Amino acid sequence: MTAMVEARGVTKGYGHITVLKGVDLVVAQGEVTCLIGPSGSGKSTFLRCINHLEKHDAGELRVEGELVGYRLRNGKLYEQSDKQICAERANIGMVFQRFNLFQHLTVLDNLTIGQMRVKGTKEEVAKQKARELLARVGLDAKEKNYPAQLSGGQQQRVAIARALAMEPRLMLFDEPTSALDPELVGEVLDVMRDLAKSGMTMIVVTHEMGFAREVANSVYFLDQGVIEESGPPADVLGNPRTERLRSFLSKVL
């Protein structure tokens, strides 16, 4: 299968602290990959490097075969302009832990603003697509509400619909359920399951091991910036090879 995301030796540091220590990862088109590991292991940092919200220091990171954030000329890497990076980022949807909705806009406007300003979509077309996506995530009755009038689970479903409105080819989820009350987690995971069934390529940073076991094609376990184990969920979650992963799973399962 064609690789949607390919990382080779990706390194990232902040001052004297190295957060990613040579990460290798391949995600095929149409696959769901889950990143698991303790807090501070580099999962979210790696995810943010994929759409150049963070600049990796070394190694190679490609999406659909193209370098992320850089271009290679005469053997040297040159960072792209902000405009070029934004154009690339439009093809990658990202859902954050804390929703990141525009609080001053209605639900409908949250879904149309990116379509109209970034893609130049006409208002009526953008609204039609927004309403279709809100129906898909079960929130078509909430289009006139503001985010503060919604539960956390509803806000996260709006955030997913907003990302989908840009017609991304890749979706990144950064612990999308960790800020939710336990009874709201299921409604968000249901939307993500539906998305996976539709063939969307997804990389999910998560502590929801049941979701990873059920939906993921592959699971990567990161610890202290290094991928310690990877493979099908049945192997990584059901038959861990290292004591470090066994210890981690004993605390989260």
Side-chain angles (χ1 to χ4, degrees), residues 1 4-5 23 25-48 50-51 92-100 133 136-139 150-164 168-223 227-241 244-253:
M1 295 182 73
M4 174 64 76
V5 178
V23 171
L25 173 146
V26 177
V27 180
Q29 192 169 349
E31 285 193 345
V32 177
T33 293
C34 285
L35 306 181
I36 66 171
S39 297
S41 59
K43 307 182 301 296
S44 293
T45 298
F46 178 71
L47 205 68
R48 292 169 69 86
I50 293 174
N51 64 1
I92 304 174
M94 186 154 185
V95 177
F96 298 88
Q97 183 176 343
R98 291 284 176 183
F99 325 136
N100 285 20
L133 288 167
R136 181 175 177 180
V137 301
L139 291 173
L150 305 178
S151 70
Q154 289 172 333
Q155 289 189 64
Q156 195 61 294
R157 284 148 62 195
V158 172
I160 293 171
R162 182 178 66 175
L164 292 175
R169 295 193 287 272
L170 168 67
M171 285 284 286
L172 309 176
F173 294 86
D174 189 5
E175 299 193 41
T177 60
S178 63
L180 301 178
D181 292 334
E183 64 267 25
L184 301 178
V185 168
E187 66 188 57
V188 174
L189 294 181
D190 284 345
V191 171
M192 294 171 65
R193 287 187 186 96
D194 177 65
L195 199 54
K197 288 176 184 175
S198 74
M200 175 64 73
T201 309
M202 299 161 59
I203 303 178
V204 185
V205 173
T206 186
H207 291 294
E208 300 290 338
M209 298 301 141
F211 174 82
R213 183 181 283 111
E214 176 190 351
V215 177
N217 299 97
S218 58
V219 176
Y220 286 75
F221 171 60
L222 274 79
D223 185 41
I227 292 176
E228 295 287 354
E229 294 195 41
S230 63
D235 294 342
V236 176
L237 302 178
N239 189 27
R241 300 190 310 272
R244 182 67 189 95
L245 178 53
R246 284 193 288 272
S247 173
F248 172 76
L249 291 175
S250 73
K251 293 178 175 66
V252 297
L253 288 178

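Treat the numbers as computed from the prediction; the structure is a model and nothing was measured.
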[X] vs [Y] side-chain heavy atoms within contact, under 4.5 Å:
X      : Y      : answer
Leu25  : Phe46  : yes
Met209 : Val219 : no
Leu237 : Ile36  : yes
Gln154 : Glu187 : yes

Taking all heavy atoms of [X] and all of [Y], pick out the closest pair and write down the distance.
X      : Y      : value
Ala196 : Val215 : CB-CG1, 3.6 Å
Gly37  : Phe248 : C-CE1, 3.4 Å
Ile50  : Ile92  : O-CD1, 3.9 Å
Gly152 : Leu184 : N-CD1, 4.0 Å
Ala163 : Gly93  : CB-CA, 4.2 Å
Thr206 : Cys34  : CG2-SG, 4.1 Å

Would you mind listing every salt bridge (Lys or Arg N to Asp or Glu O under 4.0 Å) that reaches into [range], with sequence neighbours excluded?
range            : result
residues 229-239 : Glu229-Arg241
residues 34-48   : Arg48-Glu54
residues 200-215 : Arg193-Glu214

Report the distance from atom CE of Met94 to atom CE of Met171, rounding to the nearest 0.5 Å.
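That separation rounds to 10.5 Å.
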How long is the gap from CD on Gln155 to CZ on Arg162, to the nearest 0.5 Å?
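It is 10.5 Å, given to the nearest 0.5 Å.
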Side chain to side chain contact (heavy atoms under 4.5 Å, CB included) against [X], all qualifying residues, sequence neighbours excluded:
X      : result
Gln97  : Glu175, Ser178, Ala179
Ser198 : Arg136, Leu195, Met200
Asp223 : Pro38, Phe221, Glu228, Arg244
Val188 : Gln156, Arg157, Ile160, Thr177, Leu180, Met192

Residues which pass side chain to side chain donor-acceptor pair (under 3.5 Å) with [X], listed by chain and number, not counting sequence neighbours:
X      : value
Ser44  : Asp174
Lys251 : Ser247
Thr33  : Ser218

Keeping to residues at least two apart or across chains, list the ring pair (Phe, Tyr, Trp, His ring centres under 6.0 Å) pairs with something in residues 169-217.
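Passing the test, one end in residues 169-217: no pairs.
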Qualifying residue for side-chain contact (heavy atoms from CB on, under 4.5 Å) with Thr201, from Asn217, Val27, Val32, Val5:
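Testing each of Asn217, Val27, Val32, Val5 against Thr201, the sole residue satisfying side-chain contact (heavy atoms from CB on, under 4.5 Å) is Val27.
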